[in-house]
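Below is one structure; the comments refer to it alone.
Residue numbering restarts at 1 for every chain, and letters A, B, ... go by the order of the sequence lines.
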Amino acid sequence: MMQKDYIEDLSKHVGQEVTLRGWLYNKRSSGKIQFLILRDGTGLCQCVVMKNAVDAEMYALASSLAQESTVAITGKVQEAKGKAPGDVELFVSKIEAISTATDYPITPKEHGVEYLMEHRHLWLRSSRPWATMRVRDTIIHAIRDFFHNRGFLCFDAPILTPNAAEGTSTLFETEYFDEGMAYLSQSGQLYGEAGAMAFGKVYVFGPTFRAERSKTKRHLNEFWMVEPEVAFLDLEGDMELAEDFVHEVIGRVLKEREAELAILDDGTGTLKARCEKVLKPFMRMHYDEAAKILDKYWDEKLASGEELPPTFKRFEYGDDFGAYDEVALTSLYDQPVIVHHYPASVKAFYMKRDPNEPDKALAMDVLFPEFGEIIGGSVREDSLDVLLKRLEEHNLPQSIFEWYLDLRRYGSVPHAGFGLGLERLVMWVCGLEHIREAIPFPRTLTRIWP
RNA sequence: UCCUGAGUAGCUCAGUUGGUUAGAGCAUCUGACUGUUAAUCAGAGGGUCGUAGGUUCAAGUCCUACCUCAGGAGCCA
């Protein structure tokens, strides 16, 4: 048996007889006519079964099929403008049952998130997760194409590592033979730097693990991150790279997944419109400028007497931006904002400081409208002596970073890169309420099943 | 780790100031209907009200503890 005809190609076969194989998504019947909505992974197709067009046995078979039963359906493709998904339908001549399903847990009515997550392996068949995963696929391809087309080498970093990259977050640990503890990678960046010194331009793209007890709609404990790293790149170049990158990836989604975006926004067109506003150049601002805007913003908010969330904390100069600050700042614009020159004190040890503003790091974040951080990047410290000092300040042991320090001992160059959280981008593009819907099987504080 | 809220049918929820036999929609089963589109209509089955204890003549409802989950903060992508 060979799968030959797919629903997504059906409009090219109007007037022809085809056989579709798939799952029964939904069914409506009206006495002498039945509408079987078939799902084959590429889309949905309305299959019309007329009582006088098939024999009685086949008609009875059609009416006995329950949701998610699998069938092979043969029929003639006909136009059905406005009456069926994709504006074509199948006029059925033959139905073959492949397997029967009973009591499928996900009904066409609404369900709670917890219930759906408990059935995530089945939920993925429903239209919203389906559309989301197709957008995710396009984003992944676009990411790889973007870097490949610019001469970047795909450079895989190890997942099991001997040390904490930034020494800040909590890591998952596991025993590693006789070598002591190993940790699941929380970033491939340090390895990416080694790659950049060997190949000039590289990108690391792989799973990342954080053992933080995060409990927000923007955090996963396992997620995918893409981290380009480029030798001889400065902050300006890093921002340009991030901007080109985001612009091109979103452009691909607009080109290839318009139908999926329409499923996700119920045909309102809001997701498409929002993506179309992501135009170069992005708004750019120095941390000091962003801080001034936030000061004014919160002053006005507080003066207005508007009620603020109980966990709200007023931003003060020198702080990193909190969730409320990022949303507030980006809500003033309708395209991404790049904030650069953050206070060095709130940033990682490997970030280079600006010689003209020694208290500021050559770091930048790309913040998305009414969402927050999707990209974080920086110029890396390239001086051995300064790096040794930073390790000491951050109470990090020099011994496990010796290989990293070698990159400064042997041919150190200015270099920079950034990290983009794949699921955060998927979440923003798809307009998802929660990041757990942006990955097939999310791993969160309370979920490791299925 | 901190703050807030919620657990009632397979699912989503309603349930009055404590008062007789616990309610609806969907799903399932039976029947009706030749163009439906979360199809509709008629009928049927389906419950240890998160767990344990307490107050009371009487607890889904009030009290205490625990469990589970959700939402927010921090951490960050």
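- Nearest nucleotide to the side chain of A/S29, out of B/rU28, B/rG35, B/rC33: B/rC33.
- The side chain of A/F35 has B/rU36 as its nearest neighbour among B/rU36, B/rA77, B/rA73.
- B/rG7: Watson-Crick or G-U partner is B/rC67, with both key distances under 3.5 Å.
- A/A438 and A/E423 get closest at one heavy-atom pair: CB-O, 3.5 Å.
- Put simply, CD on A/Q34 is 12 Å from P on B/rU34, counting in whole angstrom units.
- Using a 4.0 Å heavy-atom distance criterion, A/T446 is classed as a sugar-phosphate-only contact.
- Taking the side chain of A/K217 as heavy atoms from C-beta on, and the options B/rC76, B/rC26, B/rG72, the nearest nucleotide is B/rG72.
- If you check every strand for non-hydrogen atoms under 4.0 Å, A/N26 touches sugar and phosphate atoms only.
- Following rounding to the nearest Å, A/R213 (CZ) and B/rC3 (C1') show an atom-to-atom distance of 16 Å.
- Counting any heavy atom pair closer than 4.0 Å across all strands shown, A/T216 reaches a base atom.
- Between the base of B/rU36 and the side chain of A/Q46 there is a donor-acceptor pair shorter than 3.5 Å.
- Base pairing of B/rA44: its partner is B/rU28, meeting the Watson-Crick or G-U wobble criterion (both donor-acceptor distances under 3.5 Å).
- Of all nucleotides present, only B/rG54 satisfies the Watson-Crick or G-U wobble test against B/rC62, with each distance under 3.5 Å.
- In this structure, the NE2 atom of A/H111 is 15 Å from the C1' atom of B/rA9, given to the nearest Å.
- With a 4.5 Å cut-off on side-chain heavy atoms, A/R390 and A/Y350 do not count as touching.
- Using a 4.0 Å heavy-atom distance criterion, A/Y104 is classed as making no nucleic acid contact.
- Comparing B/rU34, B/rG72, B/rC76 by their closest approach to the side chain of A/M50 singles out B/rU34.
- Note on A/H119: nothing from the nucleic acid sits closer than 4.0 angstrom, heavy atoms only.
- A/E118 comes within contact range of no nucleotide atom at all, as no heavy-atom separation falls under 4.0 Å.
- The partner of B/rU20 is absent, by the rule that a Watson-Crick or G-U pair needs both atom distances under 3.5 Å.
- Here A/A323 lies in heavy-atom contact (under 4.0 Å) with sugar-phosphate atoms only.
- For A/H434, whose side chain is taken as the heavy atoms from C-beta onward, the closest listed nucleotide among B/rA73, B/rG71, B/rC33 is B/rG71.
- Across all strands, A/R447 comes closer than 4.0 Å to no nucleic acid atom at all (heavy-atom distances).
- Nucleic acid contact class of A/L420 (heavy atoms, under 4.0 Å, all strands): none.
- The A/S30 side chain lies nearest to B/rC33 when the options are B/rA73, B/rU12, B/rC33.
- Here the nucleotide nearest the side chain of A/D103, chosen from B/rU28, B/rA73, B/rG35, is B/rU28.
- In this entry B/rU34 has no Watson-Crick or G-U wobble partner, no candidate having both defining distances under 3.5 Å.
- As judged by a 4.0 angstrom heavy-atom cut-off over every strand, A/L220 is placed among the base-contacting residues.
- Rounded to whole Å, the distance from NE2 on A/H219 to C1' on B/rG71 is 15 Å.
- Considering only side-chain atoms of A/E114, the nucleotide from B/rC69, B/rG71, B/rA77 that sits closest is B/rC69.
- Residue A/K313 is out of contact with every strand shown, counting any heavy-atom pair closer than 4.0 Å.
- Of the nucleotides present, none pairs with B/rC75 by Watson-Crick or G-U wobble criteria with both distances under 3.5 Å.
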Report task. Would you please test A/T107 and A/Q67 for side chain to side chain donor-acceptor pair (under 3.5 Å) and show each step? Result -> CA-CA 8 Å; A/T107 64; A/Q67 200 186 353; over 6 Å; no
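- At the heavy-atom level, A/F223 lies under 4.0 Å from base atoms of the strands shown.
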